[in-house]
Structures are given as structure tokens and as C-alpha cells.
Amino acid sequence: MPELPEVETIKNGLGICLNATILESKVYNFQLRYPVPHNISELIHNRQILEITRRSKYLILKLDNGFLLFHFGMTGRLNITQHYRKEQHDHLVFALDNGLIISYNDSRKFGAILWIDGVLEKHPLIKNLGVEPFSTAFNAEHLYNKCLIRKIPIKQLFMEGKAVVGVGNIYSSEVLFDARIHPTRLANTITSKECKQLYQSVQAILSKAIKAGGTTIKDFRNHEGNLGYFTQQLMVYGRDGQHCLLCHSVIIKITQNNRSSYYCSKCQV
DNA sequence: ACGCGGCCCTGGATGC
DNA sequence: TGCATCCAGGGCCGCG
């Protein structure tokens with residue numbers, strides 16, 4: 001499910017839990033992408049949530065003794081309720097001293113629950129991530145320098161998350177349409193002018209998607225179980241065979257690295 | 001370096 | 001109705 005805008009949406013929804021203290025918790029299933037730490041319940045017990053942040057597609061709860069991280073894979077969700085009833089695929093549930101109950105649910109189990117004490121940025125899963133799309137480190141020059149040295153399709157450069165993080169399969173297609181660049185264009189053929197446009201498109205598409213509360217294709221729900229409304233603004237993703245909303249040409253679907261890409265046969269070169 | 005495929009896992013849609 | 005097949009917002013690993 002979640003690319004950056006969806007994780008950001010979940011993060012925003014969790015804001016009401018800032019400064020709350022975690023009471024009891026229960027793990028129903030330890031077998032996710034990585035094993036859930038066996039002592040996670042003891043680690044988070046009676047700990048206060050000091051900050052709620054995001055790095056790439058990781059949601060991070062800073063507690064007073066370490067960091068509790070969630071990754072949502074394809075189908076992960078975080079639900080907040082006042083009256084908890086266990087649902088299928090709930091893997092971790094914890095109660096807060098503000099009366100709210102948070103549950104992590106992931107049917108495909110591609111997500112992860114991690115515990116990090118020490119320096120967050122030194123963790124193996126964090127330290128090699130690309131720059132954040134809304135940080136000053138991400139700009140046209142940065143993107144151009146990353147593109148110059150890579151002879152891979154530009155779509156894959158985004159998917160790698162090494163040049164910039166957070167742009168997954170849906171938003172790669174949307175960003176490339178916005179920038180009028182064909183998904184199979186090799187990164188090292190993208191001009192510096194095009195990189196400036198690409199950089200602007202990344203920020204524009206992601207911020208619109210955050211404003212709309214993310215995109216729901218099948219599974220994504222926010223913390224209240226609501227849909228993401230950026231779906232209605234998708235220009236190419238999932239629209240193969242339909243007409244381009246700008247030029248009326250047909251939208252094409254291709255496969256790159258076993259993932260679907262969508263583009264306008266006329267607008268994008 | 002790069003392209004490719006497989007794998008983790010569940011469930012919904014589609015087709016025969 | 002039932003069964004088989006394909007597909008899905010991610011990401012890691014290994015092969016050639």
C-alpha cells in the first residue's frame with residue numbers, strides 16, 4: 001500500500017497520541033518481514049511517545065528509551081480506536097494512557113515492526129536510504145548528479161529509493177507523467193532542465209497526494225479506516241486503455257522489473 | 001553495474 | 001459453483 005504520502009497520512013492521524021504513554025501491549029504474530037522483537041512488549045511498556053516522525057516509508061515513534069518503527073509493506077495499516085476488537089491480521093496492539101488503542105494490521109505480512117536503540121541513522125535499514133523529497137538536500141542538481149551516473153530506466157531510479165525516497169510504484173508513474181518523461185528513458189539521458197522539472201514534479205505530486213490523504217487502490221486506509229482521495233487525481237496509474245486527460249491519446253501499461261508502469265503514448269518522451 | 005527473476009504472504013478479481 | 005491463474009501501493013537477495 002503505502003508510499004510516502006500514505007505513511008505521512010498515517011503519521012498525521014497519529015498526532016493525537018503524541019506525549020501519550022504506552023500501557024499494555026500484545027503481539028499476536030511475530031513473523032513479519034523481519035521477526036518482531038520477542039521482548040517488544042517489555043521494551044515499550046510505560047514508555048512515553050516523545051515524537052512521531054517519518055523517514056522514507058518508515059513511521060517512527062520516538063519513545064524515551066528508543067525508537068519503535070513501522071513499515072507497512074503493501075497492505076499494512078495502523079488503526080486507532082477507543083473500543084478494540086481483534087481483527088484478522090492484527091499483529092500488534094497497544095493501549096495508551098489517553099484511552100486510545102493502536103493496532104498494527106497487515107494481511108500480507110510484508111511490513112515490519114522494528115526496535116532501534118542508539119542512533120537511528122546508523123541502523124542498516126535506514127543508513128543507505130536516499131534523501132527526503134521535501135528536504136533541502138533534494139533539488140534539481142542532486143537529482144541530475146544521481147541520474148548522470150546511472151544507466152537504468154528513470155522509473156527504476158525512483159523505485160530504488162537511493163536518489164530520493166518515498167516515490168513508489170504509483171507516484172513514479174504520476175511524477176513521470178507530470179514531467180512528460182517516458183518511464184523507460186535511461187537516467188543518464190535526462191537533461192539538467194528535465195531534472196529541474198522532475199524535481200518539481202516529485203514535490204508537486206507528493207504534496208497533492210498528502211493533501212488528499214493518500215491514494216487508495218485496494219487496501220490503503222488511514223488510521224480511522226477512511227480512503228485516500230488522491231485516487232481521483234491519478235492521471236495515468238491504473239488508466240491503461242483510457243484516454244489521456246490532457247491530449248486524449250491512449251494510456252499504455254508496461255512492465256518494468258515486474259512492476260506496472262503507466263504512461264501517455266504522446267505526452268511523454 | 002545492470003537486468004532479471006524469485007521470494008516473502010494473503011486475498012480479490014477474472015476466466016474456464 | 002468450483003478451481004486455477006493472475007495481480008497487487010514494497011523490498012530484499014542472488015544469479016549471470
Side-chain angles (χ1 to χ4, degrees), chain A residues 1-11 28-36 54-59 69-78 87-91 104-114 123-130 133 146-176 183-189 205-206 208-210 212-222 227-241 253-262:
Chain A
M1 95 170 158
E3 302 179 37
L4 184 148
E6 289 72 34
V7 181
E8 193 70 18
T9 297
I10 297 170
K11 187 194 88 176
Y28 290 106
N29 177 16
F30 288 89
Q31 301 308 313
L32 302 180
R33 163 172 289 280
Y34 307 103
V36 178
R54 180 194 54 70
R55 175 74 175 100
S56 184
K57 298 170 186 170
Y58 292 94
L59 177 75
L69 274 73
F70 296 94
H71 194 286
F72 298 98
M74 296 277 253
T75 49
R77 297 179 191 177
L78 221 49
E87 293 190 25
Q88 195 180 15
H89 307 304
D90 277 356
H91 304 310
Y104 175 90
N105 181 288
D106 184 5
S107 64
R108 288 180 73 179
K109 299 180 188 149
F110 286 177
I113 299 171
L114 306 169
H123 190 274
L125 291 171
I126 305 293
K127 67 180 179 190
N128 293 322
L129 295 172
K146 292 290 185 182
C147 282
L148 263 186
I149 56 170
R150 297 307 303 279
K151 201 180 163 185
I152 57 171
I154 184 67
K155 158 88 177 328
Q156 284 161 239
L157 185 114
F158 282 122
M159 295 294 285
E160 277 185 353
K162 289 180 180 170
V164 58
V165 297
V167 187
N169 205 44
I170 294 178
Y171 298 115
S172 292
S173 282
E174 294 300 311
V175 163
L176 289 168
T184 62
R185 273 277 297 285
L186 296 183
N188 64 354
T189 70
I205 295 293
L206 292 182
K208 282 183 200 170
I210 292 167
T215 300
T216 298
I217 299 298
K218 283 177 61 181
D219 296 305
F220 176 68
R221 299 290 185 281
N222 70 12
L227 307 177
Y229 290 103
F230 193 71
T231 317
Q232 297 163 10
Q233 297 176 58
L234 294 176
M235 300 293 279
V236 289
Y237 187 88
R239 298 192 64 246
D240 50 311
K253 173 184 179 178
I254 58 172
T255 298
Q256 293 178 280
N257 274 32
N258 271 331
R259 313 296 296 274
S260 298
S261 303
Y262 301 84

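Only heavy atoms go into these numbers, but all of them, side chains included; no hydrogens, no water, no symmetry mates. Naming convention: chains lettered A, B, ... in sequence-line order (proteins, then strands); numbering from 1 in each chain.
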(request) Counting heavy atoms from C-beta on, name the nucleotide in B:dT10, B:dG6, C:dG9 closest to the side chain of A:Asn258. (result) B:dG6

(request) Please figure out whether A:Lys218 or A:Lys151 has its closest DNA chain B nucleotide nearer the 5' end. (result) A:Lys151

(message) Do A:Tyr229 and A:Thr215 pair up side chain to side chain, a donor and an acceptor below 3.5 Å, judged on atom types alone?
(response) no

(message) Below the 4.0 Å mark, does B:dG11 have OP1 or OP2 next to a side-chain nitrogen or oxygen of A:Gln88?
(response) yes

(request) Measure from the side chain of A:Arg150, starting at C-beta and using heavy atoms only, and say which of B:dG12, B:dC2, B:dG6 lies closest. (result) B:dC2

(request) Assign C:dG9 to syn or anti; the rule is syn for a glycosidic angle within 90° of 0 and anti otherwise. (result) syn

(message) For the P atoms, the ones on B:dC7 and on C:dT5, what distance do you get once it is rounded to whole angstrom?
(response) 16 Å

(request) Look through every strand shown and name the nucleotide pairing with B:dC16 as Watson-Crick or G-U wobble, where both distances are under 3.5 Å. (result) C:dG2

(request) Would you kindly give the CD-to-P distance between A:Glu160 and B:dC4, to the nearest whole Å? (result) 14 Å

(request) Decide yes or no for A:His91 and A:Lys109: does some side-chain heavy atom of the first lie under 4.5 Å from some side-chain heavy atom of the second? (result) yes

(message) For a quick check of understanding: with a heavy-atom distance under 4.0 Å over all strands, which category does A:Tyr34 fall into, base, sugar-phosphate or nothing?
(response) sugar-phosphate

(request) May I have the distance from A:Phe220 (atom CZ) to B:dG11 (atom C1'), rounded to whole angstrom? (result) 19 Å

(request) Would you please test A:Phe72 and A:Tyr104 for side-chain contact (heavy atoms from CB on, under 4.5 Å) and show each step? (result) CA-CA 9 Å; A:Phe72 298 98; A:Tyr104 175 90; 3.8 Å; yes

(request) Find out whether A:Leu69 and A:Ile113 are in side-chain contact, i.e. whether some heavy atom of one side chain is under 4.5 Å from a heavy atom of the other. (result) no

(request) Among B:dG3, C:dG9, C:dA8, find the nucleotide with the atom closest to the side chain of A:Pro153. (result) B:dG3

(message) Of the listed nucleotides (B:dG3, B:dG6, C:dG9), which one gets closest to any side-chain atom of A:Ile152?
(response) B:dG3

(request) Measure from the side chain of A:His71, starting at C-beta and using heavy atoms only, and say which of C:dG11, C:dA8, B:dG3 lies closest. (result) C:dG11

(message) Rounding to an integer number of Å, can you tell me how far A:Asn257 CG sits from B:dC2 P?
(response) 12 Å

(message) Between B:dG5 and C:dC6, how far apart are the two P atoms, rounded to whole Å?
(response) 15 Å

(message) Can you tell me if A:Thr75 touches the phosphate of B:dG11, counting only side-chain N or O atoms and a distance under 4.0 Å to OP1 or OP2?
(response) no

(request) Please check if any side-chain donor atom of A:Thr75 sits under 3.5 Å from a side-chain acceptor atom of A:Asp106, or the reverse. (result) yes

(message) Should A:Phe110 be counted as stacked on B:dC8, where stacking needs a ring-centre gap under 5.5 Å and an angle between planes under 30 degrees?
(response) yes

(request) Respond yes when some side-chain nitrogen or oxygen of A:Lys109 is under 4.0 Å from OP1 or OP2 of B:dT10, and no when none is. (result) yes

(request) Report yes or no: do A:Ser172 and A:Lys155 form a side-chain donor-acceptor pair below 3.5 Å? (result) no

(message) Which nucleotide wins on minimum distance to the side chain of A:Arg108, given the candidates B:dC2, B:dT10, C:dG9?
(response) B:dT10

(message) C:dG11, OP1 or OP2 - any side-chain N/O from A:Arg259 closer than 4.0 Å?
(response) no

(request) Once you apply the 3.5 Å cut-off to both distances, tell me the Watson-Crick or G-U wobble partner of C:dG9, or none. (result) none

(request) Kindly say if A:Tyr237 contacts the phosphate of C:dG9, meaning a side-chain N or O under 4.0 Å from OP1 or OP2. (result) yes

(request) Compare the minimum distances between each of B:dT10, C:dA8, C:dG11 and the side chain of A:His89, then state the nucleotide with the smallest one. (result) B:dT10

(message) With a cut-off of less than 4.0 Å, is there a side-chain N or O of A:Lys57 near OP1 or OP2 of C:dG11?
(response) yes

(message) Does a side-chain N or O of A:Gln156 approach OP1 or OP2 of B:dG3 to a distance below 4.0 Å, or not?
(response) yes

(request) Please report, rounded to the nearest Å, how far the P atom of C:dG9 is from the CD atom of A:Glu6. (result) 12 Å

